[in-house]
There are 2 protein chains.
Amino acid sequence: MDIEQRTDQELADIFKVLSEPNRISILRILQHSNRELTCGEVSRQLNISPSTVSYHFKALRKAGLTNTRQMAQAKLLSINRETFQKYLPNFLDSL
Amino acid sequence: MDIEQRTDQELADIFKVLSEPNRISILRILQHSNRELTCGEVSRQLNISPSTVSYHFKALRKAGLTNTRQMAQAKLLSINRETFQKYLPNFLDSL
DNA sequence: AGCTTATTTCGATAAGTGTCGAATTAAAAA
DNA sequence: TTTTTAATTCGACACTTATCGAAATAAGCT
């Protein structure tokens, strides 16, 4: 419950979000394509159901690792570089 | 099953090990004290049972994040800096 | 308004995780 | 060899997670 513990918990939470291969894949695609992605696109590219992708999108966004922008019916996902800079500088480059 | 997926899985596995606050704490203590730690020491410092600490030690070691050295009845844990260099350069400094 | 397209939520489920105390094993000391 | 000390393994447990299909919701179109 002290400051150190809170920091460790915070860090661990970031890592937990990143501890799922599909989420790493999503970030890799985002990083390399350098454009925003929709739920449907990821669903087709990774061959997982839209509901599962939506679940991962939510987790990434909730952790502050991504941003979301509405575009017609779709929602466009992009990397939130500030968060990575804060917790894992250089990580995105390694993808 | 392709090369990219395997890499993502590998990375995710590293993150999974780090997604537990007690394990982060262990690494922080190791990093700051700059000396090896025993299971019992960590158990007392973090107030968790020896069996739980042993479980975390095993996870860290299995992921290649730490090294182990036998010393009398105890086992001394130290950081495996090569692995961090490979997957998360600069991370240890941020602890 | 009704239709289409995209995303999200809602069960349900199978698998995995962190924790403990008790029992076991390993190593050293007496 | 017995005793002590340290670490590990073994259930058991409550909790979380990733996944899906079906149903619900949201936003444009016609």
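Computed from a predicted model, the values in this text were never measured in an experiment. Side chains are part of it too, since the values below use all heavy atoms of this structure and drop only hydrogens, waters and symmetry mates.
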Round to a whole Å and report the spacing from CG of Asn47(A) to P of dT19(D).
-> 12 Å
How about Phe91(B) and Phe15(A): are their ring centroids closer than 6.0 Å?
-> yes
Among dA27(C), dT5(C), dT19(D), the one nearest Gln73(B) by side-chain distance | dA27(C)
Whole-Å distance separating the CZ atom of Arg44(A) from the C1' atom of dT5(C) = 11 Å
How close do Asp8(A) and Ser25(B) get, heavy atom to heavy atom, and via which atoms?
-> OD2-OG, 2.7 Å
Between dT8(D), dA6(D), dG18(C), which nucleotide has the shortest distance from any of its atoms to the side chain of Arg23(B)?
-> dG18(C)
Whole angstrom value for the distance that separates P of dA6(C) from CD of Gln70(A) | 13 Å
Calculate the interatomic distance between Gln9(B) atom CD and dA18(D) atom C1'; express it in whole Å.
-> 13 Å
To the nearest Å, how far apart are Asp8(A) CG and dG18(C) C1'?
-> 16 Å
Identify the two heavy atoms, one from Ile26(B) and one from Leu37(B), that lie closest to each other, and give their separation to 0.1 Å.
-> O-CD1, 4.4 Å
Side chain of Glu20(B) only, please: which of dA6(D), dT17(C), dG18(C) is the nearest?
-> dG18(C)
Could you state the CG-C1' distance from Leu37(A) to dA6(C), rounded to the nearest angstrom?
-> 15 Å
Determine yes or no for a side-chain-to-main-chain donor-acceptor pair under 3.5 angstrom, with Thr66(B) supplying the side chain and Arg61(B) the backbone.
-> yes
DNA chain D-proximal residues of residues 48-63 of chain A, any heavy atom under 4.0 Å = Ile48(A), Ser49(A), Ser51(A), Thr52(A), Tyr55(A), His56(A)
May I have the distance from Arg69(B) (atom CZ) to dA7(D) (atom P), rounded to whole angstrom?
-> 13 Å
Are Glu36(B) and Lys75(B) within salt-bridge range, i.e. N to O under 4.0 Å?
-> no
Below 4.0 Å: OP1/OP2 of dT8(C) and any side-chain N or O of Lys75(A) | yes
Minimum heavy-atom separation for Arg23(B) to Leu60(B), with atom names?
-> CD-CG, 4.1 Å
Roughly, in whole Å, what's the span from CE in Met71(A) to P in dA26(D)?
-> 21 Å
With nearest nucleotides of DNA chain C determined for Ser19(B) and Leu76(A) from heavy-atom distances, which residue corresponds to the more 5′ nucleotide?
-> Leu76(A)
In this structure, CZ of Arg28(B) is separated from OG of Ser33(B) (nearest 0.5 Å) by 11.5 Å
